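Reading through the structure tokens given below for one structure.
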Amino acid sequence: MLDSVTHSTFLPNTSFCDPLMSWTDLFGTEEYYPGFEHQTTCDSYWTSVPPEYWTKRHVWEWLQFCCDQYKLDINSISFCHFNISGLQLCSMSQEEFVDAAGICGEYLYFILQNIRTQAPDSSCLKTGSIKNQESHSHSRSSLQSSHLWEFVRDLLLSPEENCGILEWEDREQGIFRVVKSEALAKMWGQRKKNDRMTYEKLSRALRYYYKTGILERVDRRLVYKFGKNAHGWQEDKL
DNA sequence: AGTAACTTTCCTGATT
DNA sequence: CAATCAGGAAAGTTAC
């Protein structure tokens, strides 16, 4: 399960202050978190907000991020144990992490402790502070590294940004419909800073996912289904 | 620096 | 007819 994750990935010298990773990337727009950010396209970094101040939603997004980033098995995580604020998260012992997420719990605990020690670290704050966000806006953003299927998934899961572009056809089975194809393409293009994106091209990329089991073919126009290798979309796991 | 994975671009032809 | 689907091919990009 964790063969792709070696312990060295989480050694203390591993930086969790990745300067390419923004708070927005991890936690979405400021609409959810009016207390943290005030710029619409802010690029300040998530380490600028200590985990103690995270909301439940932040905690959930962080778990998802860890699964995506470190290839942890999302199915081994009991999300109901993590329906808690950042403050509560920080008060959890390593044993409690293991209880809630098995072997992944150990890694999650370790990652969290790294973030906690690095979030107030001056070098992180220096590079990650809101004041310095302008310089980062010119650097490579991990927005560009987000995969298409994750972008689609996250859009599906955030009605505020969705604007009726995507909608669930069958929530349990992970079947969804592209309602506004051109709008979807435009939004994807926006994320990739590519104004030549079209639904034609986007759908070609989606079709490649059939091969890898991220998506499954549905014999209906503009309808797709998450495959067994897609994760993070299931309602009861959120 | 090299490679593999992923995405974009373009295309031909089929289907709705 | 216009939009979408299916993939092949190849080039471009990103992550490691």
Side-chain angles (χ1 to χ4, degrees), chain A residues 1-26 41 43 45-47 62 64-74 107 110-111 114 127-128 136-156 162-170 173-233:
Chain A
M1 169 185 65
L2 288 169
D3 21 359
S4 63
V5 181
T6 62
H7 217 80
S8 62
T9 311
F10 304 107
L11 286 175
N13 59 353
T14 302
S15 173
F16 286 96
C17 289
D18 181 357
L20 306 178
M21 185 60 65
S22 80
W23 176 263
T24 313
D25 293 342
L26 281 173
T41 53
D43 265 307
Y45 301 122
W46 55 275
T47 45
W62 174 70
Q64 276 220 137
F65 163 74
C66 288
C67 288
D68 286 346
Q69 187 78 3
Y70 303 111
K71 305 287 181 284
L72 301 181
D73 179 16
I74 202 159
Y107 292 118
F110 194 85
I111 294 167
N114 266 280
T127 57
H136 299 307
S137 66
H138 300 301
S139 65
R140 205 171 43 144
S141 160
S142 72
L143 280 175
Q144 294 195 334
S145 71
S146 165
H147 291 170
L148 173 58
W149 75 271
E150 293 168 314
F151 165 78
V152 168
R153 175 197 66 191
D154 296 342
L155 203 53
L156 223 27
N162 189 327
C163 303
I165 290 171
L166 295 168
E167 72 182 30
W168 290 108
E169 191 102 314
D170 186 322
Q173 292 196 63
I175 300 173
F176 60 93
R177 173 194 300 279
V178 178
V179 181
K180 302 174 185 171
S181 57
E182 284 315 310
L184 179 66
K186 193 166 291 183
M187 199 171 272
W188 173 240
Q190 209 170 307
R191 171 156 298 199
K192 297 292 290 291
K193 297 182 169 51
N194 174 3
D195 53 11
R196 299 172 308 283
M197 184 48 58
T198 64
Y199 179 70
E200 268 287 289
K201 292 187 278 193
L202 184 153
S203 63
R204 180 68 189 95
L206 290 179
R207 268 177 251 130
Y208 272 123
Y209 286 133
Y210 296 148
K211 224 180 263 221
T212 55
I214 296 290
L215 292 178
E216 286 173 22
R217 189 167 291 128
V218 174
D219 198 25
R220 269 178 290 158
R221 289 188 145 208
L222 299 167
V223 179
Y224 299 86
K225 178 184 194 300
F226 286 116
K228 56 178 178 298
N229 291 328
H231 58 259
W233 57 269

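So that the names make sense, note that chain A is the first sequence line, chain B the second, and so on, each numbered from 1. Note that this is a predicted model, so its numbers are computed, not measured.
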- Looking at side-chain heavy atoms only, is the closest gap between A:R217 and A:Y210 below 4.5 Å? yes
- Message: With heavy-atom distances below 4.5 Å as the criterion, would you say the side chains of A:L202 and A:M197 are in contact?
- Response: yes
- Under 6.0 Å between ring centres, would you say that holds for A:Y224 and A:Y209? no
Which nucleotide sits closest to the side chain of [X]: [options]?
{"X": "A:R196", "options": "B:dT8, C:dT4, B:dT9", "value": "B:dT9"}
{"X": "A:Y199", "options": "B:dC6, B:dT8, C:dT4", "value": "C:dT4"}
{"X": "A:N194", "options": "C:dC5, C:dG7, B:dT8", "value": "B:dT8"}
{"X": "A:K201", "options": "C:dA6, C:dT4, B:dT9", "value": "B:dT9"}

Whole Å only: how far is the [atom1] atom of [X] from the [atom2] atom of [N]?
{"X": "A:L202", "N": "B:dT8", "atom1": "CG", "atom2": "P", "answer": "7 Å"}
{"X": "A:Y210", "N": "C:dG7", "atom1": "OH", "atom2": "P", "answer": "9 Å"}
{"X": "A:Y224", "N": "C:dC5", "atom1": "OH", "atom2": "P", "answer": "4 Å"}
{"X": "A:H147", "N": "C:dC16", "atom1": "NE2", "atom2": "C1'", "answer": "12 Å"}
{"X": "A:K192", "N": "B:dC6", "atom1": "NZ", "atom2": "P", "answer": "12 Å"}
{"X": "A:R207", "N": "B:dT9", "atom1": "CZ", "atom2": "C1'", "answer": "13 Å"}
{"X": "A:L148", "N": "B:dA5", "atom1": "CG", "atom2": "C1'", "answer": "14 Å"}

- Item | First encountered from the 5' end of DNA chain B, between A:T212 and A:E200 | A:T212
- Task: Report the residue (A:R221 or A:R204) whose heavy-atom-nearest nucleotide on DNA chain B is the more 5′ of the two.
- Result: A:R204
- Any A:W188 side-chain nitrogen or oxygen under 4.0 Å from OP1 or OP2 of B:dT7: no
- Query: Is there a donor-acceptor contact under 3.5 Å from the side chain of A:E150 to the main chain of A:H147?
  - Reply: yes
- Note on the structure: By nearest-nucleotide position on DNA chain C, the 5'-leaning member of A:Y208 and A:E182 is A:E182
